[in-house]
Amino acid sequence: MLKPLTITLALLGMGTLPPASASAATAAASGPQQWQTCPNDKIGMECGDLQVPADWQKPDGRKITLKLGRLKATGKSEGSVLVAYGGPGGPGIGLTQSIPEWWTKLRERMDIVTWDTRGYGEQFGGLSTGLQCAWTRVPIPDPPRDDADFGRLSDTNRGYGEACRLKDPELFANMSSADQARDMEAIRKALGDDKLNYYGASYAGFYGQAYARLFPDKIRTMVLDGTLNHSAADWERELEAAARSNEQSLQRFFTWCAANDCADVPALWRTLIARANRFPIPTKTANVAYRTRDLQSFALGLARQGTTAWPKLAQAIRKAANGDASDFVPQRGARYPDQTTGVTECADWPRFANRKEMTAAIKRVQRVAPNTGTANTLASATLGCIGWPQPVSNPPAPLPKGLPPMLGAGAWGESDAVTRVLAQVPGSAVIRHEGPGHTLYGANPCARDHINRYFTDRTLPPTKTQC
């Protein structure tokens, strides 16, 4: 399965364009798209270049290149399915070349088309026009303690953002999920398809939600797999709903402990997180000691893995309660929960305007999720966007009326978030896996069969289907 959102669970408008600019997106590309063998191809994939505006509000201005990839149908083609894997920045061409078996059945009737998303170039393995940023990974910041601390965080974040923005101010300003959605519409036009069939995994589910708002009459089928809700009318309630989902993840583990020789662990956990902010728990790794939210974030990561990881989590909590949090330290990679430069995320998700607003949101989240707090929620992830040198251009907004029935999918937690999205679209259905995982199509044959049938025949499974 693909890696989950990082600034994603750990980041998270509807950037509106004037009608003329939105219309320009539908007319920007004229087909037919030209194809040739992809560089270093080993699976029969064809590639092509598509020129689109760097700024969709300036359709006659500077162009950037999107690299498209296509696996042609093995039978008679009945159309194409546009695929994106999320990230943001997951290279569609490289990922599809590494997992062609995912698409074997669907290719009997449909072409599989993907693309490397704008801005995420060679540093991400992508072949489209890229931003030459350092894409710095930094620990998720602590909530500022006072207004001066809030100002310092704002200045720090602006420094990270400016270092990237100055490389290409125009492209930096047009990296939201709504910009990706306008690129999707240009791809649809270039393919010559009357309407779009779209599979969006993880963060690419936000591209799909943006597309549904911008081009609601251009959708034939749309699958949102393992994504979050970027279509909430009340953002405060959505933050709380996501936090409740995290709390439920840890409660599943506590329930398991009650019958598996770790009934002492829930009480130990509550004592541990109550004291870790005042007295960070040391580890045997030099210069690493964990505060409450650090422990909560790592514990959630283990809790979401299910029973295979739960004995390890129980042991880690017991050791930390005795003063040694070493079992929470990752074997490799970041020593603290971290996130990357939020060029797309900071354009998509609301950020706190001041410390008063931040404090109120954190209190609401902690009230509904006392064991997990703000860890792995947008209430903590968007701290990295305070002071960002680009405004939120694509804020969350409800989906429009009149959309065709859509299909969602997800494991624990993710299926709940997708359900909140698709509750706005009458006739839609959600496939749920009652277990761990991130996205279903690649690893769950039951879900894949339902999704394939929806793409080919527009046949939806029952509204609440278990796989």
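As a basis for the values below, the full set of heavy atoms in this structure was taken, side chains included, without hydrogen atoms, waters or symmetry mates.
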Run the numbers on Thr459 and Tyr454 for side chain to side chain contact (heavy atoms under 4.5 Å, CB included), then give the verdict.
CA-CA 5 Å; Thr459 300; Tyr454 169 63; over 6 Å; no
Could you give me the CA-CA distance, side-chain angles and deciding distance for Leu71 and Ile43, then say whether side chain to side chain contact (heavy atoms under 4.5 Å, CB included) is met?
CA-CA 8 Å; Leu71 289 172; Ile43 65 167; 3.8 Å; yes
Criterion salt bridge (charged side-chain N to carboxylate O under 4.0 Å, His left out) on Arg158 and Asp155, from CA distance to verdict
CA-CA 5 Å; Arg158 180 172 291 274; Asp155 290 344; 5.7 Å; no
Ser231 and Arg213: CA distance, side-chain angles, deciding distance, side-chain hydrogen bond (donor to acceptor under 3.5 Å, both in side chains) verdict:
CA-CA 9 Å; Ser231 300; Arg213 289 190 288 264; 3.2 Å; yes
Let me see the working for Leu50 and Gln33 under side chain to side chain contact (heavy atoms under 4.5 Å, CB included), right down to the final yes or no.
CA-CA 8 Å; Leu50 180 63; Gln33 176 65 36; 3.9 Å; yes
Salt bridge (charged side-chain N to carboxylate O under 4.0 Å, His left out) evaluation trace for Glu185 with Arg182
CA-CA 5 Å; Glu185 175 64 357; Arg182 295 177 181 106; over 6 Å; no
Tell me, with the steps shown, if Phe298 and Leu313 meet side chain to side chain contact (heavy atoms under 4.5 Å, CB included).
CA-CA 9 Å; Phe298 286 129; Leu313 177 54; over 6 Å; no
I'd like to know whether His438 forms a side-chain hydrogen bond (donor to acceptor under 3.5 Å, both in side chains) with Ser202, so could you lay out the CA-CA distance, the side-chain angles of the two residues, the decisive distance to 0.1 Å, and finally the verdict.
CA-CA 8 Å; His438 176 49; Ser202 193; 2.9 Å; yes
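Trp388 and Tyr160 have their aromatic ring centers separated by at least 6.0 angstrom. Aromatic ring centroids of Tyr198 and Tyr207 lie 6.0 Å or more apart.
Contact of the Lys218 side chain with the Tyr211 side chain is registered, since non-hydrogen atoms from C-beta on lie closer than 4.5 Å. At least one side-chain heavy atom of Val343 sits less than 4.5 Å from a side-chain heavy atom of Trp135. Residues Cys38 and Gln97 form a side-chain contact, since some pair of their non-hydrogen atoms from C-beta on lies under 4.5 Å apart. With contacts defined as side-chain heavy-atom distances shorter than 4.5 Å, the pair Lys76/Arg109 does not qualify. With contacts defined as side-chain heavy-atom distances shorter than 4.5 Å, the pair Ser177/Thr344 qualifies. Val113 is listed as a side-chain neighbour of Leu191, based on a closest heavy-atom distance under 4.5 Å. The shortest side-chain heavy-atom distance between Glu46 and Gln36 does not fall under the 4.5 Å cut-off. Leu228 places a side-chain heavy atom less than 4.5 Å from the side chain of Phe206.
Distance CG/Leu214 to CH2/Trp56: 11.0 Å, rounded to 0.5 Å. Here Glu78 contributes atom CD and Phe455 contributes atom CZ; the two are 13.5 Å apart, rounded to the nearest 0.5 Å. For the atom pair OG1 (Thr463) and CD1 (Ile431), the distance works out to 11.5 Å, reported to the nearest 0.5 Å. The line from OG1 of Thr456 to NZ of Lys105 is 9.0 Å long, rounded to the nearest 0.5 Å. Ile386 CD1 to Arg351 CZ: the interatomic distance, rounded to the nearest 0.5 Å, is 9.0 Å. From Ser245, atom OG reaches atom CZ of Arg304 across 7.0 Å, with rounding to the nearest 0.5 Å.
In summary, the side chains of Glu247 and Thr372 do present a donor paired with an acceptor at a separation below 3.5 Å, with no hydrogens or angles considered. In the model, Glu414 has no side-chain atom that pairs as donor or acceptor with a side-chain atom of Thr227 under 3.5 Å.
The two residues Ala447 and Cys467 come nearest to each other via the heavy atoms N-SG, 3.4 Å. Between Ala429 and Pro461, the shortest heavy-atom contact is CB-O, 3.6 Å. Smallest separation of non-hydrogen atoms from Ala178 and Ala210: CA-CB, 3.8 Å. Contact between Tyr203 and Gly87 at its shortest, heavy atoms only, is CB-N, 3.6 Å. Residues Ala375 and Asn246 share a closest heavy-atom pair of O-ND2, 3.1 Å. Considering all non-hydrogen atoms of both residues, Leu383 and Ala379 come closest at CG-O, 3.8 Å.
Formation of a donor-acceptor pair under 3.5 Å by the Asp225 side chain with backbone atoms of Leu440 is found in this model. Between the side chain of Asp55 and the backbone N or O of Asn174 there is no donor-acceptor pair closer than 3.5 Å. Side-chain atoms of Arg335 come within 3.5 Å of backbone atoms of Pro330 as a donor-acceptor pair (strictly under, hydrogens ignored). Panel note: side chain Ser415, backbone Ala411; a donor-acceptor pair is recorded below 3.5 Å. In terms of modelled atom types and a separation under 3.5 Å, the side chain of Thr285 and the main chain of Val288 share no donor-acceptor contact. Panel note: side chain Thr114, backbone Ala84; no donor-acceptor pair is recorded below 3.5 Å. Between the side chain of Asp111 and the backbone N or O of Thr74 there is no donor-acceptor pair closer than 3.5 Å. Judged by distance alone, the side chain of Asp168 and the main-chain N or O of Leu171 form a donor-acceptor pair under 3.5 Å. A donor-acceptor pair under 3.5 Å links the side-chain atoms of Trp310 to the main chain of Ala303, judged by distance alone. Counting only distance, with no hydrogens or angles, the side chain of Ser128 and the backbone of Asp116 share a donor-acceptor pair below 3.5 Å.
For Lys464, the NZ atom is loosely surrounded, since the number of other residues' heavy atoms within 6.0 Å does not exceed 12. For Asp194, the CG atom is loosely surrounded, since the number of other residues' heavy atoms within 6.0 Å does not exceed 12. Taking a 6.0 Å sphere around CZ of Arg62, one finds it holds more than 12 heavy atoms contributed by other residues, nucleotides or ligands.
Looking at Arg432 and Asp416, a side-chain N of the basic residue comes within less than 4.0 Å of a carboxylate O on the acidic one, giving a salt bridge. Between Asp49 and Lys67, at least one side-chain N (NZ, or NE/NH1/NH2) sits under 4.0 Å from a carboxylate O, which counts as a salt bridge. Between Asp294 and Arg291, none of the side-chain N atoms (NZ, or NE/NH1/NH2) sits under 4.0 Å from a carboxylate O, so this pair counts as no salt bridge. The pair Lys312-Asp327 does not count as a salt bridge, with every side-chain nitrogen at least 4.0 angstrom from each carboxylate oxygen. The existence of a salt bridge linking Asp183 and Arg188 is excluded, since no basic side-chain nitrogen approaches an acidic carboxylate oxygen closer than 4.0 Å.
For the side-chain contact (heavy atoms from CB on, under 4.5 Å) with Gln209, the qualifying choice from Met222, Gln424, His230 is His230, the only one to do so. Under the ring-ring contact (aromatic ring centres under 6.0 Å, His included) test applied with Tyr199, the options Tyr441, Tyr85, Trp102 reduce to a single match, Tyr441.
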